[in-house]
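Atom set for the values below is all heavy atoms of this structure, side chains included, hydrogens, waters and symmetry mates excluded.
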Amino acid sequence: MCSIMSYCGAADPEKFKQGFDRTISRGPDQSRIVDTGHGLLGFHRLSIMGLTPSAMQPFELNGSYVVCNGELYGFKNQREELIRRGYSFESDCDCEIILPMYREYGTDMFAMLDAEFACVIYDAENEEFIAARDPIGIRPLYYGYDDKGVIIFASEAKNLVGLTDRIMPFPPGHYYKGGEFICYDNISHAETVCGDDLETVCESIREKLIDGVTKRLVSDAKVGFLLSGGLDSSLVCAIAARQSKEPIKTFAIGMSGDAIDLKYAKQAADYIGSDHTEVIITPEDVIANLDPLIELLGTYDITTIRASMGMYLVCKAIHETTDIRVILTGEISDELFGYKYTDFAPSAQAFQEEAEKRIREIHMYDVLRADRSISVNSLEARVPFGDLDFVRYVMSIDPEKKINTYGKGKYLLRHAFEEGGWLPESLLWREKAAFSDAVGHSLADHLKEYAEETYTDEEFERLCKKYDHARPFTKESLLYREIFEKYYPGQSEMVVDFWMPNKNWEGCNVNDPSARVLSNYGASGI
């Protein structure tokens with residue numbers, strides 16, 4: 001990961017640097033701030049593609065500048081086309097193509113990128129700033145306005161605290177130009193329904209996921225993998241293992257005593273022949289890291305915080321004990337193929353509408369979790385299930401094929417890899433377990449117990465009334481909100497609401513986000 005920031009007008013350089021340096025862990029290798037004459041652009045570099053000094057940003061072209069936190073897949077073909085058009089390049093960095101592409105195609109370029117990115121361009125010719133974010137929001141970007149109405153962009157909300165009264169996430173699939181946010185790609189909505197039969201659908205899922213993993217293995221820095229033993233991460237690792245000449249390096253985490261997934265992660269690692277590492281955490285680790293975790297996440301959402309604890313601590317161990325710089329993860333599969341609560345969808349159309357909502361909002365939840373937990377440890381997250389071609393295809397599949405009429409969730413994904421020996425059947429058809437639960441049921445239990453000890457019933461009732469937006473509804477949610485407000489006072493609208501099952505569906509009106517409370521959780525916790 002890298003960190004970017006832009007003050008698109010007259011700025012106090014010291015205040016800018018103070019805010020920008022709050023995310024230096026995203027890019028600890030090198031830092032630079034450029035004054036464009038009309039505003040400031042900052043870049044903290046984590047060297048991933050193009051490891052030479054010439055790959056340092058901001059890049060400049062005829063007085064225009066760009067900063068980009070991103071990976072542009074297939075950029076070499078676009079660079080060759082730009083060379084044919086007369087451009088030259090100083091580095092092997094993918095992001096160096098952005099200014100030439102902007103000069104050739106203007107804002108149409110954003111829809112041309114196969115990328116996960118957030119960028120800010122200073123257009124010298126028109127003396128204006130343009131910003132954009134990838135269609136899913138894999139790479140973070142926030143914005144706010146100062147007291148003079150000048151817009152400020154930054155990789156994380158913490159960069160903007162004290163510079164603006166209201167911090168908001170930059171909408172994915174949009175670009176900002178001329179004071180407006182303009183949608184260039186609404187990836188959550190499929191214009192047409194795919195008419196492929198079941199076997200063709202599964203074949204396409206398999207081939208497109210393999211392609212999504214393969215392109216994310218390209219890196220000038222070392223690559224590692226988070227392996228929970230669940231379906232999604234296990235498939236990512238199985239695909240990568242077949243693409244690699246050497247054993248891939250996999251990492252799993254669990255609570256001391258009751259980690260469900262450690263045994264399954266080891267089974268997967270043994271099967272694919274990975275170089276596997278286990279990280280064990282204790283209840284004391286969980287409580288000690290709660291406050292700093294919420295500060296780095298910038299959220300009060302229960303699901304996100306619970307699930308981030310294991311991811312943050314395993315990535316901390318990777319950072320401290322290895323020279324790996326890139327991490328592949330299994331996020332976004334649940335939102336595409338369904339989760340335990342989507343078994344309760346009253347119709348295929350309701351399933352599709354819920355999937356669209358989740359993909360639109362995932363940048364505030366699971367994607368945020370992966371980005372912050374990984375980037376704060378000076379690592380880069382790559383998300384194969386977020387591959388744009390893959391997401392577009394899965395969202396276009398007839399929802400009648402996606403709903404769980406098979407007696408097993410995520411049937412399409414499982415069936416897609418049923419042939420070929422990708423995983424043992426026991427793992428391929430294993431029931432889904434919530435990540436925070438699978439790290440150890442006791443993780444969430446310890447957090448809830450800690451919250452119960454923190455507030456009396458009377459304090460809980462009184463303190464919850466302070467909040468109008470996303471009002472806490474349990475002592476655990478109040479605890480998280482109170483910590484959040486210490487670091488991001490009055491900024492709760494950065495997150496639209498709690499990531500919970502759809503309460504309008506029968507069987508889903510629950511008061512805890514864990515699938516453990518659903519009637520169909522069954523063997524997931526075994």
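- Considering only heavy atoms from C-beta on, V391 comes within 4.5 Å of L336 through its side chain.
- Pairs passing the ring pair (Phe, Tyr, Trp, His ring centres under 6.0 Å) check and including a residue from residues 40-72, sequence neighbours excluded, read F20-H44.
- Judged by distance alone, the side chain of T329 and the main-chain N or O of V383 form no donor-acceptor pair under 3.5 Å.
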Let's go through I280 and L262 carefully: what are the C-alpha distance in whole Å and the side-chain angles of both, what is the deciding distance for side chain to side chain contact (heavy atoms under 4.5 Å, CB included) to 0.1 Å, and is it a yes or a no? CA-CA 9 Å; I280 308 298; L262 283 181; 3.4 Å; yes
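- Here the CG-OG1 distance, from L41 to T36, works out to 6.0 Å after rounding to the nearest 0.5 Å.
- Here the OG atom belonging to S233 is positioned 7.5 Å from the CG atom belonging to D261, to the nearest 0.5 angstrom.
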Output, in order, the C-alpha distance, side-chain angles, deciding distance and verdict of side chain to side chain contact (heavy atoms under 4.5 Å, CB included) for L82 and M101. CA-CA 8 Å; L82 291 165; M101 285 192 70; 3.7 Å; yes
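- Within a 6.0 Å radius of CD in E90, other residues, nucleotides and ligands contribute 12 heavy atoms or fewer.
- Y184 OH: more than 12 foreign heavy atoms inside a 6.0 Å radius.
- Proximity of the aromatic rings of Y143 and Y176 is defined here by a centroid distance below 6.0 angstrom, and this criterion is not met.
- No donor-acceptor distance shorter than 3.5 angstrom exists from the side chain of H363 to the backbone of G137, with no hydrogens or angles considered.
- Nearest heavy atom pair, residue I302 against residue P513, reads CG2-CG, 3.8 Å.
- Residues W499 and D366 are in side-chain contact: their nearest non-hydrogen atoms beyond the backbone lie under 4.5 Å apart.
- At least one donor-acceptor pair closer than 3.5 Å links the side chain of E96 to the backbone N or O of S91.
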I would like to know whether I138 and I332 meet side chain to side chain contact (heavy atoms under 4.5 Å, CB included); could you show each step before the answer? CA-CA 10 Å; I138 301 291; I332 306 183; 3.7 Å; yes
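- A donor-acceptor pair is defined here as one N or O able to donate and one able to accept, closer than 3.5 Å; such a pair exists between the side chain of S378 and the backbone of S25.
- Remark: Y7 OH to I33 CD1 distance equals 13.5 Å, nearest 0.5 Å.
- Salt-bridge check for K17 with E14: failed, with every basic side-chain N at 4.0 Å or more from each acidic carboxylate O.
- Ionic pairing of R392 and D185 is present here: one or more N-O contacts between side-chain nitrogen and carboxylate oxygen are shorter than 4.0 angstrom.
- Look at K486 and E482 and you find no salt bridge, because none of the NZ, NE, NH1 or NH2 atoms lies under 4.0 Å from a carboxylate O.
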Given side chain to side chain contact (heavy atoms under 4.5 Å, CB included), test R306 with Y480 step by step and report yes or no. CA-CA 10 Å; R306 287 181 185 173; Y480 300 162; 4.3 Å; yes
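- Side-chain atoms of R382 never come within 3.5 Å of backbone atoms of I327 as a donor-acceptor pair (strictly under, hydrogens ignored).
- A donor-acceptor pair under 3.5 Å is formed between the side chain of T321 and the backbone N or O of A317.
- When all heavy atoms of P472 and Y467 are compared, the closest pair comes out as CD-CD1, 3.7 Å.
- For the 3.5 Å distance criterion, the side chains of R166 and T164 fail to qualify, holding no donor opposite an acceptor.
- If you check the side chains of S492 and R481, you find a donor sitting under 3.5 Å from an acceptor.
- By the 4.5 Å heavy-atom criterion applied to side chains, T322 and K222 are not counted as neighbours.
- In this structure, the ring of Y300 has its center less than 6.0 angstrom from the ring center of F498.
- Under a cut-off of 6.0 angstrom, the local environment of NZ in K249 is sparse, with at most 12 non-hydrogen atoms contributed by other residues, nucleotides or ligands.
- Here I483 contributes atom CD1 and L290 contributes atom CG; the two are 4.0 Å apart, rounded to the nearest 0.5 Å.
- A salt bridge does not link D123 with K177: none of the charged nitrogens is closer than 4.0 Å to a carboxylate oxygen.
- Taking CE of M500 as the reference point, atom OG1 of T303 lies at 7.0 Å (rounded to 0.5 Å).
- A 4.5 Å side-chain heavy-atom check between V120 and F170 finds every atom pair outside the cut-off.
- For the side-chain contact (heavy atoms from CB on, under 4.5 Å) test, residues two or more places apart in sequence or in another chain that qualify with A265 are L227, A252, H276.
- If you take CD1 on I24 and OG on S31, they are separated by 4.0 Å, rounding to the nearest 0.5 Å.
- With hydrogens and angles left out, the side-chain atoms of T23 and E156 include no donor and acceptor closer than 3.5 Å.
- Listed for the N69 side chain is no donor-acceptor partner under 3.5 Å among the backbone atoms of A118.
- The nearest pair of heavy atoms linking C68 to F117 is SG-CB, 4.1 Å.
- The cationic atom of R372 (NZ for Lys, CZ for Arg) does not lie both less than 6.0 Å from the six-membered ring centre of Y312 and within 45° of the ring axis.
- The two residues V66 and Q57 come nearest to each other via the heavy atoms O-OE1, 3.8 Å.
- Salt-bridge annotation for R139 and E380: present, with a side-chain N of the basic residue lying under 4.0 Å from a carboxylate O of the acidic one.
- The closest donor-acceptor contact from the side chain of D146 to the backbone of K148 lies under 3.5 Å.
- Considering every non-hydrogen atom in both D92 and R79, the closest pair reads CA-NH1, 3.6 Å.
- Checked by atom type, the side-chain pair D211/T214 shows no donor-acceptor distance below 3.5 Å.
- Put simply, the side chain of E335 does not reach to within 4.5 Å of the side chain of Y365, judged on heavy atoms.
- V34 places none of its side-chain heavy atoms less than 4.5 Å from the side chain of E60.
- Remark: D165 CG is loosely packed, at most 12 non-hydrogen atoms of other residues, nucleotides or ligands lying under 6.0 Å away.
- Applying the ring pair (Phe, Tyr, Trp, His ring centres under 6.0 Å) rule to pairs touching residues 225-245 yields nothing, sequence neighbours excluded.
- Between D301 and R369, no side-chain nitrogen of the basic residue sits less than 4.0 Å from a carboxylate oxygen of the acidic one, so the salt-bridge criterion is not met.
- Between S256 and P283, some side-chain heavy-atom pair lies under the 4.5 Å cut-off.
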With salt bridge (charged side-chain N to carboxylate O under 4.0 Å, His left out) as the test, would you mind laying out the steps for D387 and R216 before giving the verdict? CA-CA 9 Å; D387 184 77; R216 283 163 178 79; 3.0 Å; yes
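- A salt bridge links R85 and E81; the closest N-O separation between the charged side-chain nitrogens and carboxylate oxygens is under 4.0 Å.
- In summary, the side chains of S47 and D29 do present a donor paired with an acceptor at a separation below 3.5 Å, with no hydrogens or angles considered.
- Taking 4.0 Å as the cut-off between side-chain N and carboxylate O, D389 and K215 do not count as a salt-bridged pair.
- Counting heavy atoms from C-beta on, the side chains of L447 and V286 come closer than 4.5 Å.
- Taking every heavy atom of both residues into account, S234 and A268 meet most closely at OG-CB, 3.9 Å.
- Side-chain atoms of H189 do not come within 3.5 Å of backbone N or O of M395 as any donor-acceptor pair.
- In the model, Y87 has a side-chain atom that pairs as donor or acceptor with a side-chain atom of E104 under 3.5 Å.
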